[in-house]
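Heads up: the structure comes next, in structure tokens.
Position 1 is the first residue of the sequence; numbering continues from there.
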Amino acid sequence: MAWPFTAKVLKRYENSYLVAIIAFDPRDRWNVQELVGKTVIAKKACKRLEYDAGAPKQYLATGY
């Protein structure tokens, strides 16, 4: 991925996450299509997004 994206964490590993890409820059649409909407990303490259305490707990990450 060449541009920032937002993803939902599907599975946590020791040093990485399996994520489903949910929002991305339109310039990366071919990369997302090639990855079938999922990828593994290093924990160091992720940032957890803020979420509403009243909403269902959902882990989101941003990365490149």
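The nearest pair of heavy atoms linking Ala2 to Asn31 is N-ND2, 4.1 Å. Closest of all the heavy-atom pairs between Glu14 and Lys43 is O-NZ, 3.2 Å. Contact detail for Ala7 and Val19: the closest heavy-atom pair is CB-CB, 3.5 Å. Between Tyr13 and Leu18, the shortest heavy-atom distance links the atoms CE1-CB, 3.8 Å.
Every salt bridge (Lys or Arg N to Asp or Glu O under 4.0 Å) that Arg27 has, sequence neighbours left out, goes to Asp25.
Remark: side-chain polar atoms of Lys44 are not paired, donor with acceptor, to backbone N or O of Asn15 under 3.5 angstrom.
Using a 4.5 Å cut-off between side-chain heavy atoms of Ile, Leu, Val, Met, Phe, Trp and Tyr, Trp30 forms no hydrophobic cluster with any other residue.
Taking NZ of Lys8 as the start and CG of Leu10 as the end, the distance is 7.0 Å to the nearest 0.5 Å. Rounding to the nearest 0.5 angstrom, the gap separating the CH2 atom in Trp3 from the CZ atom in Arg29 is 13.0 Å.
Hydrophobic clustering places Ile41 together with Leu35 (ILVMFWY residues linked when any side-chain heavy atoms are closer than 4.5 Å, directly or through intermediates).
Lys38 has its side chain out of reach of Ile21: every pair of non-hydrogen atoms, C-beta onward, lies at least 4.5 Å apart.
Stacking of Lys11 on the aromatic ring of Tyr17 is not recorded, the 6.0 Å distance cut-off and the 45° axial limit not both being met.
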